[in-house]
Protein chains: 2
Amino acid sequence: MSASPHSLPLELGAVGAASARVADYLREAILGGEIGPGDRIRQEDIAERFGTSRLPVREALRILEAEGLTEHEPNKGARVPKLTMHEVDVIYQMRERLEPLALTESLAHLSEQDLRRLDQVQSRIEANTDVNSFLALDREFHLLTYSGCHIDPLTSMVRRLWNSTQHYRRAFVSLGGPGRMWVINAEHRLVLDAIERLDPVDAERYLSGHIRRTRIELDRHPEVFEGRQR
Amino acid sequence: MSASPHSLPLELGAVGAASARVADYLREAILGGEIGPGDRIRQEDIAERFGTSRLPVREALRILEAEGLTEHEPNKGARVPKLTMHEVDVIYQMRERLEPLALTESLAHLSEQDLRRLDQVQSRIEANTDVNSFLALDREFHLLTYSGCHIDPLTSMVRRLWNSTQHYRRAFVSLGGPGRMWVINAEHRLVLDAIERLDPVDAERYLSGHIRRTRIELDRHPEVFEGRQR
DNA sequence: TGACACACGACTGGATCCAATTTCTACCCC
DNA sequence: GGGGTAGAAATTGGATCCAGTCGTGTGTCA
């Protein structure tokens with residue numbers, strides 16, 4: 001059930017030794033869709049499955065809470081938060097405003113190798129036909145463009161916004177596909193071109209437009225937020 | 001500044017877990033300046049001072065880490081992060097982009113009582129002459145304008161940005177005051193007027209301008225970031 | 001006298017045990 | 001038969017104990 005290659009570069013949350021492994025496992029399980037919004041997470045279940053005590057699990061849940069992947073109620077345990085359409089809309093507006101800043105901060109620090117990698121990922125997106133792998137590729141593309149940003153609060157917040165909406169992105173993509181792929185590819189290519197020209201103004205312009213268009217398209221599909229999972 | 005004795009009233013929560021009380025205590029101590037950037041926080045010290053075991057302290061440190069008040073290194077313990085001028089500058093740019101959104105989301109949900117309260121706080125700012133109480137009043141003013149925003153990721157991120165820069169705001173205010181008070185008051189009054197008119201465009205305009213001007217003024221005082229504390 | 005190595009001290013990470021709170025269920029009374 | 005209450009099972013929160021790791025100080029040898 002694990003073994004899903006959601007592993008991305010830039011593992012920033014370098015925390016304790018084994019509690020980080022539990023956090024990694026749970027993170028993959030949530031981002032991979034095995035644990036959905038509303039699902040409860042019992043400490044002892046995870047501890048037993050992992051062969052550890054409940055203590056690392058508790059720490060891991062705190063870490064995930066900081067990343068926006070779980071929510072915590074005293075004496076009630078942890079569960080994956082369920083978001084309304086309006087909440088997801090506002091989160092996309094936050095992305096619209098924050099990610100262009102992260103991109104500008106990242107621009108000057110991107111290496112030649114990063115640019116080549118970005119081009120490869122975008123080419124794979126264009127050649128791709130599977131909706132599920134589009135999810136991972138798109139995520140990799142965007143987070144890679146921010147990998148040159150070394151301002152910790154900014155990168156961690158961007159990551160958190162992606163994490164919080166991952167489930168609804170998958171639901172959206174599964175229900176009719178991500179939309180017209182040529183639009184997405186054109187937007188990505190324009191962002192890439194601006195990055196290569198080291199032009200922060202154009203980079204921010206095309207990136208915010210890309211996110212905004214996605215948000216508006218998402219707003220037209222309320223069924224994404226009513227789907228019963230599991 | 002205030003050298004050492006960590007003596008704060010710790011009567012915040014009769015309810016909830018004990019780890020939340022420890023977190024409250026540490027949060028106040030950091031925001032109040034008793035624990036400054038670079039200071040190390042030893043689990044056993046806090047536990048002994050609080051009469052509990054180290055476990056709630058560990059959980060509290062995780063909570064504070066999520067709020068951006070501490071940073072954690074494996075086997076090295078927790079310390080209050082020390083920010084560079086550029087990092088604070090970027091955090092202010094994040095505020096410039098995020099807080100107007102929070103204000104727009106908040107607008108429709110502000111009650112008449114909130115508006116009266118805001119007017120009172122602003123009047124107290126205008127009548128105030130003490131630089132230290134300005135810090136608290138200004139924080140109260142802005143966070144109050146966002147109190148109608150019920151999108152959890154947004155409010156928690158705004159609060160985190162305020163927390164992270166609190167120490168440098170105090171250092172800035174202490175070193176020569178917050179600048180020309182009439183400018184600040186004019187900006188606040190314009191934001192308030194836009195709020196009362198329920199005009200999100202003007203509210204965002206004047207708020208982002210207020211934050212942007214503060215950021216640029218802060219950039220002219222690099223001595224804020226070189227101050228040796230303790 | 002200086003540099004390297006070993007040992008000791010201090011601190012964090014993890015496991016097990018115990019207490020407190022919640023929730024579900026069953027039973028009793030109206 | 002329905003609702004409320006008490007009790008039992010399940011689950012989380014906290015304390016104590018033990019292990020692992022990092023840093024430091026001292027001692028010895030070249």
Side-chain angles (χ1 to χ4, degrees), chain A residues 11-27 29-30 34-82 230, chain B residues 4 6 10-27 29-30 35-82 230:
Chain A
E11 191 51 50
L12 276 178
V15 231
S19 63
R21 291 171 54 114
V22 180
D24 288 340
Y25 171 82
L26 284 174
R27 188 183 300 109
I30 296 174
E34 301 165 29
I35 309 178
D39 287 353
R40 189 171 175 186
I41 301 177
R42 284 187 303 275
Q43 297 178 2
E44 193 151 295
D45 282 2
I46 309 298
E48 190 177 3
R49 183 191 305 265
F50 238 78
T52 70
S53 85
R54 275 171 33 227
L55 205 143
V57 180
R58 280 157 70 175
E59 305 242 339
L61 289 175
R62 292 280 185 210
I63 296 172
L64 295 179
E65 189 183 7
E67 297 175 10
L69 286 172
T70 61
E71 61 187 0
H72 203 80
E73 245 180 318
N75 289 324
K76 299 281 279 289
R79 41 178 69 246
V80 179
K82 204 180 295 185
R230 174 161 294 107
Chain B
S4 35
H6 300 256
L10 41 93
E11 47 171 319
L12 260 179
V15 277
S19 62
R21 299 221 317 265
V22 178
D24 289 339
Y25 170 82
L26 285 175
R27 188 183 301 110
I30 296 174
I35 308 178
D39 287 352
R40 191 171 174 186
I41 301 177
R42 283 188 303 275
Q43 297 179 359
E44 192 148 6
D45 281 2
I46 309 296
E48 187 179 5
R49 186 186 306 268
F50 236 78
T52 70
S53 86
R54 275 173 30 229
L55 206 144
V57 180
R58 279 157 70 175
E59 305 242 338
L61 289 175
R62 292 269 184 233
I63 296 173
L64 295 180
E65 188 183 7
E67 297 176 10
L69 286 173
T70 61
E71 61 186 0
H72 203 80
E73 246 181 318
N75 289 324
K76 299 283 279 291
R79 39 179 69 245
V80 178
K82 205 181 293 187
R230 173 160 294 108

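Quick note on labels: first sequence line is chain A, next is B, and so on, each numbered from 1. Just so it is clear, the model here is predicted, and its values are computed rather than measured. Values below: all heavy atoms of this structure, side chains included; hydrogens, waters and symmetry mates excluded.
Atom-to-atom distance recorded for B:Ser53:OG and B:Glu48:CD is 12.5 Å, nearest 0.5 angstrom. Note that CG of B:Leu69 and CD of B:Glu71 are 11.5 Å apart. Values are rounded to the nearest 0.5 Å. Note that the CD atom of A:Glu73 and the CZ atom of A:Arg40 stand 10.0 Å from one another [nearest 0.5 Å].
Note on B:Ile41: only backbone sugar-phosphate atoms sit closer than 4.0 angstrom, heavy atoms only; bases stay farther off.
If you take CD of A:Glu73 and P of D:dT12, they are 12 Å apart, rounded to a whole angstrom. Atom pair B:Arg79:CZ and D:dC22:C1' shows a separation of 13 Å (rounding to whole Å applied). Atom-to-atom, CD1 of A:Ile46 to P of D:dT12 comes out at 10 Å; the value is rounded to the nearest Å. Rounded to whole Å, atom C1' of D:dG13 lies 17 Å from atom CZ of B:Arg62. Rounded to whole Å, the distance from CD on A:Glu59 to P on D:dT12 is 16 Å. Rounded to whole Å, atom C1' of D:dG13 lies 11 Å from atom CG of A:Leu55.
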Can you pull every protein N or O that's under 3.5 Å from an N or O on nucleotides 5-10 of chain D?
none

Please write out the pairs of protein N or O atoms and N or O atoms of nucleotides 17-25 of chain C separated by less than 3.5 Å, giving the distance to one decimal.
unit_1	atom_1	unit_2	atom_2	d
C:dT23	OP1	A:Lys76	NZ	3.4

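Within the structure, a side-chain polar atom (N or O) of A:Gln43 is placed less than 4.0 Å from OP1 or OP2 of D:dG13. Between B:His72 and C:dG13 there is a side-chain polar atom (N or O) within less than 4.0 angstrom of OP1 or OP2.
In this structure a side-chain-to-backbone donor-acceptor pair under 3.5 Å is missing from B:Asp45 to B:Arg42.
For the helix from C:dT1-D:dA30 to C:dC30-D:dG1, the terminal axes (five pairs an end, C1' atoms, rotation from four pairs onto the next four) enclose an angle of 0°, given to 10 degrees.
Between A:Arg27 and A:Leu64, some side-chain heavy-atom pair lies under the 4.5 Å cut-off. Side-chain contact between A:Arg62 and A:Glu65 is present, with heavy atoms from C-beta onward closer than 4.5 Å. The shortest distance between side-chain heavy atoms of B:Glu59 and A:Leu61 does not fall below 4.5 Å. Side-chain contact between B:Thr70 and B:Ile30 is present, with heavy atoms from C-beta onward closer than 4.5 Å. Annotation: side chain of A:Ile63 is in contact with side chain of A:Glu67 (closest heavy-atom distance under 4.5 Å). A heavy-atom distance below 4.5 Å is not found between the side chains of A:Arg79 and A:Ile41. Annotation: side chain of B:Ile35 is in contact with side chain of B:Leu26 (closest heavy-atom distance under 4.5 Å).
For A:Arg58, counting side-chain heavy atoms from C-beta on, the closest listed nucleotide (C:dT12, D:dG14, C:dT16) is D:dG14. Distances from the side chain of A:Thr52 to the nucleotides D:dA15, C:dA15, C:dT12 place C:dA15 closest.
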